[in-house]
Trainee: 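I am attaching a structure below and will ask some questions about it afterwards.
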2 protein chains.
Amino acid sequence: MYAPSEAARRSGFSLDTLRYYEKIGLLSVGRTSGGRRVFTDEDLGWLVLFRCLRDTGMPIAQMCRYAELAREGEHTAGERKALLEEHATRVEEQMRLLQHQYDHLREKIRFYEGLGDST
Amino acid sequence: MYAPSEAARRSGFSLDTLRYYEKIGLLSVGRTSGGRRVFTDEDLGWLVLFRCLRDTGMPIAQMCRYAELAREGEHTAGERKALLEEHATRVEEQMRLLQHQYDHLREKIRFYEGLGDST
DNA sequence: GCTTGACCTGGAGTGCGCTCCAGGTTGAAG
DNA sequence: CTTCAACCTGGAGCGCACTCCAGGTCAAGC
């Protein structure tokens, strides 16, 4: 059981972002009698996943879709897996593009090693 | 010498984006007597560079800085090179993070292979 | 000469993902 | 019991990188 600030510290998301994620229905966290949020280890697990998906460029709408499916129960496991696999494929493409452009960049830097060109 | 639509086609940027880049001073292209833009091969070269930098996540403000330095002449070559090297370093970090989160993602998918977990 | 499609400008609007704020509440420490 | 930092809510605002629009201009082909 973690207080909001602790959840923020552990997940790397800001308090505002955690509140935002709850507001849009991505996350649903428990409350104390007084109305304060209480994060469980399971919530933290979700945050780790969201960080993974966010860092790999998944749009929030798709994360919402995934979370919604998970809430619907075990029978959506196939669809959830498919969603992740499609995403993984896009990430692979992203990695290839990034590597390709990185190579370009390094080549450009090598031009400066010998002598600058005009661009 | 290329018309705007041809420059868009070759660079992969939209016409609006090309106009936008000019408006913010990132690019400066010639005109016909009638006021239409004319893109040279050198302009296209810049666009290739901008695509590389954009695809690797450089903010536009930094591209502007680079372009400005280039306009100032040969004596800024060192600073330009440093700018690109710093960027390349950030790209390397980005690639490491992406690879790391991709591995997470693949592991998550493997969970679904055996049987779904709840997240 | 006329048509028509590509082009021009300035400026407003969009989508995303937060981030900030005002004004009020809670609860642990002293 | 008091204090005060951490928390709450709804809603406005922001930064980025475009994208779209209205209303007008240019020039190649018929």
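So that the names make sense, note that chain A is the first sequence line, chain B the second, and so on, each numbered from 1. Since this is a predicted model, take the numbers as computed values, not measurements.
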Trainee: Any chance the side chains of A/E107 and A/H104 put a donor and an acceptor closer than 3.5 Å?
Mentor: no

Trainee: Tell me whether B/E22 is salt-bridged to B/R31, with the criterion being a basic N under 4.0 Å from an acidic carboxylate O.
Mentor: yes

Trainee: Which of residues 2-14 of chain B sit near DNA chain C, with a heavy atom under 4.0 Å from it?
Mentor: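 Residues of residues 2-14 of chain B that come under 4.0 Å of DNA chain C are, in numerical order, B/A3, B/P4, B/S5.
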
Trainee: Are the charged groups of A/R106 and A/E113 less than 4.0 angstrom apart, N to O?
Mentor: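 Result for this pair is no, no salt bridge flagged.
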
Trainee: Run through the side-chain heavy atoms of Ile, Leu, Val, Met, Phe, Trp and Tyr, join any pair under 4.5 Å, and report what else lands in B/V38's cluster.
Mentor: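 Cluster partners of B/V38: B/M1.
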
Trainee: Would you call A/R9-A/E6 a salt bridge at under 4.0 Å N-O?
Mentor: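 The answer is yes: the pair qualifies as a salt bridge.
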
Trainee: Charged N to carboxylate O below 4.0 Å: is that the case for B/K108 and A/E85?
Mentor: no

Trainee: Please test B/R65 against B/E79 for salt bridge (Lys or Arg N to Asp or Glu O under 4.0 Å), starting from the C-alpha separation and ending with a verdict.
Mentor: CA-CA 10 Å; B/R65 172 85 184 123; B/E79 202 172 336; 2.5 Å; yes

Trainee: For chain B and DNA chain D, what are the first and last nucleotides along the strand, 5' to 3', with at least one atom under 4.0 angstrom from a heavy atom of the protein chain?
Mentor: D/dA17 to D/dA27

Trainee: Do B/T32 and B/R36 pair up side chain to side chain, a donor and an acceptor below 3.5 Å, judged on atom types alone?
Mentor: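 No, no side-chain donor-acceptor contact under 3.5 Å.
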
Trainee: Roughly how far, to the nearest 0.5 Å, is OH of B/Y2 from CG of B/L47?
Mentor: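 Reported value, rounded in 0.5 Å steps: 11.5 Å.
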
Trainee: Once ring-ring contact (aromatic ring centres under 6.0 Å, His included) is applied, do any residues pair with B/Y102, and if so which ones, sequence neighbours excluded?
Mentor: none

Trainee: In the structure I gave you, are the side-chain heavy atoms of A/Y66 and A/L49 within less than 4.5 Å of one another anywhere?
Mentor: yes

Trainee: Between atom CZ in B/R31 and atom P in C/dC7, what is the gap in whole Å?
Mentor: 12 Å

Trainee: So if I define the base as every atom that isn't primed, P, OP1 or OP2, how would nucleotides 23-30 of chain C read as a B/S/- string at a heavy-atom cutoff under 4.0 Å?
Mentor: --BBS---

Trainee: Starting from the 5' end of DNA chain D, give me the residue, B/G57 or B/D16, whose nearest nucleotide shows up first.
Mentor: B/G57

Trainee: Quick one, A/R54 and B/Q101 - any side-chain contact, counting heavy atoms below 4.5 Å?
Mentor: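 The answer is no, as the side chains (C-beta and beyond) never meet within the 4.5 Å cut-off.
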
Trainee: Report yes if the side chains of B/C64 and B/I24 come closer than 4.5 Å at any heavy-atom pair, otherwise no.
Mentor: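 The answer is yes, as the side chains (C-beta and beyond) meet within the 4.5 Å cut-off.
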
Trainee: Quick one: A/F50 CZ to C/dC18 P, roughly how many Å, whole number?
Mentor: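 Rounding to the nearest Å, CZ of A/F50 and P of C/dC18 are 12 Å apart.
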
Trainee: Quick one, which residues of residues 17-26 of chain B touch DNA chain C with a heavy atom under 4.0 Å?
Mentor: B/R19, B/K23

